[in-house]
Amino acid sequence: MEQTYIMIKPDGVQRGLVGDIISRFEQKGFYLKGLKIITVDRALAEKHYADLSAKPFFNGLVEYIISGPVVAMVWEGKNVVVTGRKIIGATNPADSAPGTIRGDFAIDIGRNVIHGSDSVESARKEIALWFPEGTVNWQCSSHPWIYE
Ligand code: DGI
């Protein structure tokens, strides 16, 4: 099944939003296949955001990601990449709908609480980058109650 990389950024950890964010993905019916809290070194942050390296906000973005621990996760389920992005909300919290994570918890684009892969291909790369040790392959006993 499809997987995505979801990361609670340092502001989400500092503000005590980890439990709420995990609950939203769990309650939707997605399966948690990888989870760890880590401090991020500059090289990893720069690699993760390499596509944005020419942007004027790149240095600030890297400083933000390395400013405190993050919670790195792999979530699995049907269409989890696209649906995960819907749960997260628009990049700029000013445009994020209420009910989304960024819509409910964030104000500034540079403190938008959470990352989610933007495509299946990005998800594959990001999971390999953040979970080189691999993830956990368990089967949820509620599966037939979530999928027809
Ligand atoms: O996939 P997203 O996180 O929604 O968005 P993205 O991949 O385009 O950008 C990655 C992060 O970079 C985003 O979550 C916040 C930051 N960012 C994007 N555009 C801007 C920005 N930060 C600032 N300060 N200004 C921007 O225009």
Side-chain angles (χ1 to χ4, degrees), residues 1-42 44-49 51-52 57 60-148:
M1 230 189 302
E2 189 171 298
Q3 293 189 331
T4 192
Y5 176 65
I6 300 290
M7 177 169 69
I8 305 173
K9 296 175 177 178
D11 49 337
V13 175
Q14 293 288 349
R15 293 175 56 200
L17 301 176
V18 172
D20 187 294
I21 289 169
I22 289 176
S23 288
R24 291 177 185 222
F25 281 84
E26 269 190 331
Q27 288 170 357
K28 176 69 177 169
F30 293 134
Y31 304 146
L32 182 59
K33 296 293 177 96
L35 172 71
K36 59 188 177 183
I37 184 164
I38 49 169
T39 50
V40 184
D41 64 34
R42 188 175 296 275
L44 179 57
E46 288 179 349
K47 200 163 180 189
H48 175 75
Y49 282 122
D51 291 351
L52 300 174
F57 57 83
L61 178 60
V62 169
E63 291 296 334
Y64 162 47
I65 295 301
I66 68 174
S67 65
V70 303
V71 172
M73 296 178 281
V74 175
W75 287 92
E76 185 178 283
K78 188 196 271 184
N79 296 326
V80 69
V81 170
V82 166
T83 305
R85 297 272 295 184
K86 287 181 183 162
I87 291 170
I88 288 170
T91 302
N92 189 341
D95 303 322
S96 311
T100 65
I101 292 167
R102 289 168 173 163
D104 288 350
F105 297 134
I107 291 175
D108 271 349
I109 193 167
R111 296 290 184 273
N112 65 0
V113 172
I114 185 165
H115 165 82
S117 306
D118 64 3
S119 68
V120 172
E121 179 57 17
S122 304
R124 194 188 55 73
K125 286 187 195 155
E126 291 173 359
I127 291 167
L129 180 66
W130 290 89
F131 285 88
E133 71 275 26
T135 55
V136 175
N137 186 23
W138 63 282
Q139 304 308 318
C140 180
S141 60
S142 298
H143 191 84
W145 299 105
I146 299 170
Y147 291 89
E148 68 176 8

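Counting begins at 1 with the first residue of the sequence.
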Salt-bridge criterion met for Lys125 and Asp51 (N-O under 4.0 Å):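 The answer is no: the pair does not qualify as a salt bridge.
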Flag the pair [X] / [Y] as yes when at least one side-chain heavy-atom distance between them is below 4.5 Å, and no otherwise.
X	Y	answer
Asn137	Lys33	yes
Val74	Trp130	no
Leu52	Phe57	yes
Phe105	Asp20	yes
Ile66	Thr39	no
Met1	Tyr147	yes
Ile101	Ile21	yes
Met7	His48	yes

Check the surroundings of atom [atom1] in [X]: do more than 12 heavy atoms from other residues, nucleotides or ligands lie under 6.0 Å from it?
X	atom1	value
Asp41	CG	yes
Ile37	CD1	yes
Lys36	NZ	yes
Trp138	CH2	yes

Does [X] use its side chain to pair, donor to acceptor, with the backbone of [Y] at less than 3.5 Å?
X	Y	result
Asn112	Pro93	no
Asp104	Pro98	no
Ser142	Trp145	no
Arg102	Val113	no
Asn92	Ala94	yes

Nearest 0.5 Å please: distance from the [atom1] atom of [X] over to the [atom2] atom of [Y].
X	Y	atom1	atom2	answer
Glu121	Glu126	CD	CD	10.5 Å
Met73	Thr4	CE	OG1	10.0 Å
Leu32	Glu76	CG	CD	10.5 Å
Ile8	Arg15	CD1	CZ	12.0 Å

Phe131 and Tyr5 aromatic ring geometry - parallel, tilted or perpendicular at 30°/60° bounds: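 Ring orientation, 0 to 90° scale: perpendicular.
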Plane angle bin for Phe30 and Phe25 - parallel if under 30°, tilted between 30 and 60°, otherwise perpendicular: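 Judged by the thresholds at 30° and 60°, the geometry between Phe25 and Phe30 is tilted.
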Candidate pair Ile22 and Trp75, rule side chain to side chain contact (heavy atoms under 4.5 Å, CB included), full reasoning: CA-CA 10 Å; Ile22 289 176; Trp75 287 92; 4.0 Å; yes
Donor-acceptor pair between Ser122 and Asp118 side chains, under 3.5 angstrom: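 Yes, because at least one side-chain N or O of Ser122 sits under 3.5 Å from a partner of the opposite role on Asp118.
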What's the shortest heavy-atom distance between [X] and [Y], and which atoms?
X	Y	value
Glu2	Val81	OE2-N, 2.9 Å
Gly29	Ile146	O-CD1, 3.9 Å
Ile88	Ile114	CG2-CG2, 3.6 Å
Arg24	Ile87	CB-CG2, 4.4 Å
Ser96	Gly89	OG-C, 4.1 Å
Ala123	Gln3	CB-O, 3.4 Å

